[in-house]
A.B. asks: 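Structure incoming, see below.
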Protein chains: 2
Amino acid sequence: MRTVEKALRLLDFFTDKVVEIGLSDLARQSGIDKATVLRMLSDMAECGFVEQNPETKRWRLGAGVLRLARLREHAQPVTRVLTPILEKLAQETGETAHASLISGRDLANIGVVEPSRANRVYIEPGLVLPLHATASGIAVTAFSRPEQQERVLARTLTAVTGMTPTSRAALEGMVSRARDRGFAVADQTYEAEVYGIAMPIFGPDGYATGALAVAIPASRAGEDHERQIIAALETAAHAATTRLGGRPSAEHRITY
Amino acid sequence: MRTVEKALRLLDFFTDKVVEIGLSDLARQSGIDKATVLRMLSDMAECGFVEQNPETKRWRLGAGVLRLARLREHAQPVTRVLTPILEKLAQETGETAHASLISGRDLANIGVVEPSRANRVYIEPGLVLPLHATASGIAVTAFSRPEQQERVLARTLTAVTGMTPTSRAALEGMVSRARDRGFAVADQTYEAEVYGIAMPIFGPDGYATGALAVAIPASRAGEDHERQIIAALETAAHAATTRLGGRPSAEHRITY
DNA sequence: GTTCATCGGTTCATTATATACACCGACGTT
DNA sequence: AACGTCGGTGTATATAATGAACCGATGAAC
């Protein structure tokens, strides 16, 4: 299999909670031989992607990722543009708002703003969202290029919760419904008790490049609240698209 | 060379100014065969490190780097901590202040704040600074582990300007002088007309992990100005070290 | 309107390189 | 003292990376 991809996938074992990982641990989790993992880590360390804690000998993300993020942000200031939009969205809806962008085969969370109320949904920063199991993923897929759409539908859909769509038919239904309505809804498909509503952000070619989403406790789901969220999302997503230099799809129309 | 490293080094061809690169161009610049470069880019794209502009077919940095940067920033909020320190430093000195961290074999610029005055030094965001040719690099090297120091001294030192130290002796002199004085000075070693002064940031083990620096037009270099900058740098670097959970080296004492 | 150069991308035989097993000393527990 | 685990090393083997030749498309030159 491809060595470069295997090496880069090692970085996905670092999460919000798992900040440092030991060599043997990483080898075990990834299923790759210890010697190989070490060589990959050393290679990535030479380039600044990871670094080794000199005391614990464990590995963590390196400063190189900060540099690259600055470069990308300088080329297109996604975070700077989306943060105020997310803040407004969280404030207007009183719920947790987050933004994700297509990153490889998945969706990468690149911004979260929580409302001030106590009972709110927590979303891990830097989370990888599966395209088939989240409102954001469905929204993006619904407005992707046909080939990209087919790639997602053709996958083996792993269940994250009991509500995750696992058959092609179920997913296809959710996607086409999202395309019709202009937004996607996911009822506890990724995490129990969490209900998500998402709207796509479009690129210059009229296809989705990411999504804005609002996550609410499932107990608060209800028609009025949902309408209010969708209205807030509509202006937010439109602002995000245009301020990022995108062009909304002609087929994107919101219908409740 | 190792494949993973070769692939990751491709990312270093993206800069402040070069936001997108075509396949043939990247192959030419890196000296790697076109087919190989394409495979590497495809692998990295699968992981979200790069993405292809669907119109121009050219490649750019992907959203995955934003995600990883968020994760690292969440684990240790380097940027958030250093930005206000840099702002104060730039304001106090009236000059461009910047911060860099060790990233692989080099130093990665991760923050710049410019003063309000018109005649100021411009530093590219996300720049890679060679350890031997910048004040920051000298400052870091002077307070690194002996092995690390030796690795830098043993390198083939490429000249960036006519003032860059290219002999081991010259570099050794600058490093030991920096160790004695507690800060490093670089007079147009990296860019003509730019004079840099840098002080190390220390990690928990008492060795340097990065540096804060002030860059001034060479024409403004002078003893009074320099003294003022060093004083501002001293408090700034101390604040950076402690607020990042580091411990200053016992050997770090400022002497003019 | 033809020519030519260059683009992104593909193919496939060759071989260089990644891999995995066995092994090391160090450390902490039992 | 025996055992398990850690990070790390050496090396024969086999797999995966490589690069030259080639493709169709595009655009500039004349």
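What you see is a predicted model, and the numbers here were worked out from it, not measured in a lab.
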A.B. asks: What is the separation between atom CG on L41(B) and atom P on dT10(C), rounded to the nearest whole Å?
C.D. replies: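 The distance from CG of L41(B) to P of dT10(C) comes to 13 Å, rounded to the nearest Å.
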A.B. asks: Which part of the nucleic acid, if any, lies within contact of R28(A), taking any heavy atom under 4.0 Å across all strands shown: a base, the sugar-phosphate backbone alone, or nothing?
C.D. replies: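 Since only primed, P, OP1 and OP2 atoms lie under 4.0 Å of R28(A), the category is sugar-phosphate.
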A.B. asks: In whole Å, I'd like the distance from the CD1 atom of I21(B) to the C1' atom of dC7(C).
C.D. replies: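 Roughly 16 Å, once rounded to whole Å.
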A.B. asks: In whole angstrom, what separates L26(B)'s CG from dG9(C)'s C1'?
C.D. replies: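 So the CG-C1' distance, L26(B) to dG9(C), works out to 15 Å.
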A.B. asks: Looking at S24(B), I'd like to know whether one of its side-chain N or O atoms comes within less than 4.0 Å of OP1 or OP2 on dG8(C).
C.D. replies: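 Yes, S24(B) has a side-chain N/O under 4.0 Å of OP1/OP2 on dG8(C).
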A.B. asks: Nearest nucleotide by nearest heavy atom, which residue falls closer to the 5' end of DNA chain D, R58(A) or V4(A)?
C.D. replies: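 It is R58(A) whose nearest nucleotide is closer to the 5' end.
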A.B. asks: Would you give the length of the straight line joining atom CG of D33(B) to atom CZ of R28(B), rounded to the nearest 0.5 angstrom?
C.D. replies: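 Output value for this atom pair is 12.5 Å.
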A.B. asks: Think T3(B) has a side-chain N or O under 4.0 angstrom from the OP1 or OP2 of dA18(C)?
C.D. replies: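 For dA18(C), OP1/OP2 do have a side-chain N/O of T3(B) under 4.0 Å.
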A.B. asks: Taking 4.0 Å as the cut-off, does a side-chain nitrogen or oxygen of K6(A) come that near to OP1 or OP2 on dT19(C)?
C.D. replies: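 The answer is yes; a side-chain N or O of K6(A) sits under 4.0 Å from OP1 or OP2.
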A.B. asks: Counting any heavy atom closer than 4.0 Å, what does R39(A) reach on the DNA or RNA strands: base, sugar-phosphate only, or nothing?
C.D. replies: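 The residue R39(A) makes base contact.
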A.B. asks: What are the bounds, 5' to 3', of the part of DNA chain D that sits under 4.0 Å from heavy atoms of chain A?
C.D. replies: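 Nucleotide range in contact with chain A: dC6(D) to dA17(D).
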A.B. asks: Which nucleotide in the set dG9(C), dA18(C), dA20(C) lies at the smallest distance from any side-chain heavy atom of L23(B)?
C.D. replies: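 Output: dG9(C).
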A.B. asks: Calculate the interatomic distance between K34(B) atom NZ and dT11(C) atom P; express it in whole Å.
C.D. replies: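 One finds 14 Å between P of dT11(C) and NZ of K34(B), rounded.
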A.B. asks: Give the rounded distance in Å between these two atoms: CG of D33(A) and P of dC21(C).
C.D. replies: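 From D33(A) CG to dC21(C) P: 6 Å.
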A.B. asks: How many whole angstroms separate atom CD of E20(B) from atom C1' of dC7(C)?
C.D. replies: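 Nearest whole value for this atom pair: 15 Å.
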A.B. asks: Looking for any heavy atom pair under 4.0 Å, which part of the strands does Q52(B) touch: base, sugar-phosphate only, or nothing?
C.D. replies: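 Contact class for Q52(B): sugar-phosphate only.
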A.B. asks: Show, in sequence, the C-alpha distance, side-chain angles and deciding distance for V128(B) and R67(A), and conclude whether the side-chain contact (heavy atoms from CB on, under 4.5 Å) test is met.
C.D. replies: CA-CA 8 Å; V128(B) 173; R67(A) 186 182 80 82; 3.4 Å; yes
A.B. asks: Within the side chain of Q76(A), is there an N or O that forms a donor-acceptor pair under 3.5 Å with the backbone of L244(A)?
C.D. replies: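 Yes: the side chain of Q76(A) pairs with the backbone of L244(A).
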A.B. asks: On DNA chain D, nearest-nucleotide positions of M40(B) versus L38(A): which is more 5'?
C.D. replies: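 Nearer the 5' end of the strand: L38(A).
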A.B. asks: Taking atom types as modelled, find out whether Q149(B) and R179(B) have a side-chain donor-acceptor pair closer than 3.5 angstrom.
C.D. replies: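 Yes, because at least one side-chain N or O of Q149(B) sits under 3.5 Å from a partner of the opposite role on R179(B).
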A.B. asks: Should T3(A) and M40(A) count as side-chain neighbours, where that means a heavy-atom distance under 4.5 Å?
C.D. replies: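 Counting from C-beta outward, T3(A) and M40(A) do come under 4.5 Å.
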A.B. asks: Please tabulate, for the side chains in residues 135-145 of chain A, all donor-acceptor contacts under 3.5 angstrom to protein atoms that are two or more places apart in sequence or on a different chain.
C.D. replies:
unit_1	atom_1	unit_2	atom_2	d
T141(A)	OG1	G137(A)	O	2.7
S144(A)	OG	V140(A)	O	2.8
R145(A)	NH1	D205(A)	OD2	3.0

A.B. asks: Quick one: CD on E51(A) to CG on L101(B), what's the gap to the nearest 0.5 Å?
C.D. replies: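 The distance works out to 8.0 Å.
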